[in-house]
Amino acid sequence: MMKVNTWARTVVSRMRGKGRDAGAGFVEYAGLMIIIAGIFTLIDGLGLDGLISDAILNAVQDVIGG
């Protein structure tokens with residue numbers, strides 16, 4: 001029982017104390033958006049957009065039998 005109390009105090013102090021991760025969600029979201037934008041830029045720059053769309057079209061046609 002003592003370990004549970006210690007664990008609970010530790011969790012609460014990390015959620016409400018000075019060491020909490022305030023604003024971390026925004027930073028992670030912004031980083032993810034930068035990575036996704038980079039991937040789209042790379043696909044467009046290398047001219048892979050047509051190749052990717054053709055591959056998706058072929059896969060969909062295989063699934064629906066077209």
Side-chain angles (χ1 to χ4, degrees):
M1 186 70 174
M2 185 67 165
K3 289 183 181 183
V4 173
N5 289 336
T6 304
W7 174 80
R9 275 189 306 236
T10 303
V11 170
V12 169
S13 70
R14 288 187 182 166
M15 287 177 10
R16 296 184 182 166
K18 290 181 182 178
R20 69 176 193 218
D21 291 335
F26 174 76
V27 172
E28 292 164 356
Y29 180 74
L32 186 61
M33 290 294 108
I34 290 170
I35 290 171
I36 291 171
I39 291 171
F40 277 112
T41 303
L42 183 66
I43 288 171
D44 188 45
L46 294 175
L48 297 176
D49 48 346
L51 182 65
I52 293 172
S53 64
D54 288 342
I56 292 172
L57 177 65
N58 290 336
V60 169
Q61 286 179 344
D62 289 344
V63 169
I64 63 172

Fill in: Connected via hydrophobic side-chain network under 4.5 Å: Ile34 and Phe40
no
Fill in: Cluster check Leu42, Ile56: I/L/V/M/F/W/Y, side chain < 4.5 angstrom
yes
Discussion item. Do Val60 and Ile52 sit in one hydrophobic cluster, given that two such residues count as connected whenever their side-chain heavy atoms are within less than 4.5 Å of each other, even indirectly?
Written reply: yes
Discussion item. Please determine whether residues Ile35 and Tyr29 belong to a single hydrophobic cluster, defined as Ile, Leu, Val, Met, Phe, Trp and Tyr linked transitively by side-chain heavy-atom distances below 4.5 Å.
Written reply: no
Worksheet item: Is Asn58 reaching over with its side chain to a backbone N or O of Asp54, donor-acceptor style, under 3.5 angstrom?
Response: yes
Discussion item. Just verifying a value: how many Å separate Ile36 CD1 and Thr41 OG1, rounded to the nearest 0.5 Å?
Written reply: 11.5 Å
Practice prompt. Tell me whether Ile43 is reachable from Leu32 by hopping between hydrophobic residues (I, L, V, M, F, W, Y) whose side-chain heavy atoms are closer than 4.5 Å.
Written response: no
Discussion item. Using every non-hydrogen atom in the two residues, find where Gly50 and Ser53 come nearest and quote the distance to one decimal.
Written reply: O-OG, 3.0 Å
